[in-house]
Amino acid sequence: MHKLTPPPAGSQIAAAAQRHIRTPAVELSQATVTFGRGDNQVPALSETSLKIGDGEFLALVGPSGCGKSTILKLAAGLIRPTTGAVFVGGREVEAKALRIGMAFQNPTLLPWLTIEKNVMMPLKIVRPFRHEFRAKRKTEFRDRVHALLEEVGLKGFANHYPWQLSGGMLQRANLCRALVHEPRLLLLDEPFGALDQFTREELWSTLQDLWLKLKPTVLLVTHDLKEAGYLAERICVMSARPGRILDDSAVTFPRPRTVEMTFEPGFVELNQRLRGLIVEARSGNTATSEVRP
Ligand SMILES: Nc1ncnc2c1ncn2[C@@H]1O[C@H](COP(=O)(O)OP(=O)(O)OP(=O)(O)O)[C@@H](O)[C@H]1O
């Protein structure tokens, strides 16, 4: 991992000690992904090895099209690596149904269902909850949905329909739906990309609170370096396509983090360093970056 030296006074960006993650929540082992066949082949991901610890919050940043979402899809079991292997919870991804939560840039709430019913959806379809849904636990599940909605500031909106909510409120509901079945792994693909800056910052705080409380392992893909620094414990920078991990930094600002912290010198320094790496990666000049397996 990258060593940030020297940490500026007052900064909590620490040198990221090379941690030994015993049983990673997610592990890519020399995984590559090539889409298509023959002349239409698109190499999306170069050989990549990555371990994400249980309960860790990792952000993936890098130039557009470098393979960030591809890594997310590998972890979700939506695609298979062309070579290498992907493990979640110590098991190869295809070997076992996974309990994951996902949220994307555009909240995909069903327009004909209320917010309560949308958020409750995973409990209806994901094992083991679906077996219990019709029976005794329905009221308990409803309570759980209402508690989550309250937590993200949507108290009183359970019976509204998606079209009655603002973009920020929809994304809050979307986060609730991603978390309601208590996934151990939360996959977020630019979840706040479509929101204005102020709403986005509010949502960072909401997501941070949820993560501190529930401690799922989170893999966040984002183009927003400030967002990565605010939310993540670790940030991986990827090279241009076919992507590989160029840099792996720990971010140890104290929690809970605030928007004010993002203006502190240490935070700005981190931002600038990551930005420099991405500018280099975009221009295809990654030779000066520290390249790690
Ligand atoms: N199903 C597919 N078939 C062919 N090529 C694909 C497919 N999915 C992704 N790609 C290509 O693989 C590369 C990596 O895509 P990916 O979506 O992982 O990038 P990304 O880093 O998430 O991009 P962005 O930041 O723009 O969202 C891109 O060049 C993309 O066009």
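Every number for a ligand or one of its atoms is a count from 1 in the order of the listing.
More than 12 non-hydrogen atoms from other residues, nucleotides or ligands lie less than 6.0 angstrom from CZ of R255. Taking a 6.0 Å sphere around NZ of K155, one finds it holds 12 or fewer heavy atoms contributed by other residues, nucleotides or ligands.
The single protein non-hydrogen atom nearest to atom 29 (O) of ligand 1 is R241 CD, 2.9 Å, given as residue, atom name and distance. The shortest contact between atom 1 (N) of ligand 1 and any protein heavy atom is with F35 CD2, 3.7 Å. Looking from atom 22 (O) of ligand 1 to the surrounding protein, the closest heavy atom is S69 OG, 2.7 Å. Closest to atom 16 (P) of ligand 1 among all protein heavy atoms lies T70 OG1, 3.7 Å. Nearest to atom 23 (O) of ligand 1 among the protein's heavy atoms is G65 N, 2.8 Å. For atom 27 (O) of ligand 1, the closest non-hydrogen atom of the protein is E190 OE2, 3.7 Å. The shortest contact between atom 26 (O) of ligand 1 and any protein heavy atom is with S64 OG, 2.6 Å.
The aromatic rings of Y230 and W204 lie tilted to each other, with the angle between the two planes from 30° to 60°.
Under the 6.0 Å distance and 45° angle rule, K215 counts as a cation-pi partner of W211.
Every atom of ligand 1 with a heavy atom of C66 under 4.0 Å away is listed here by number and element: 19 (O), 20 (P), 21 (O).
Considering backbone and side-chain atoms alike, K73 places every N or O at 3.5 Å or more from each N or O of ligand 1. Between A44 and ligand 1, no pair of N/O atoms sits closer than 3.5 Å.
The closest approach between a heavy atom of G36 and any atom of ligand 1 is not below 4.0 Å.
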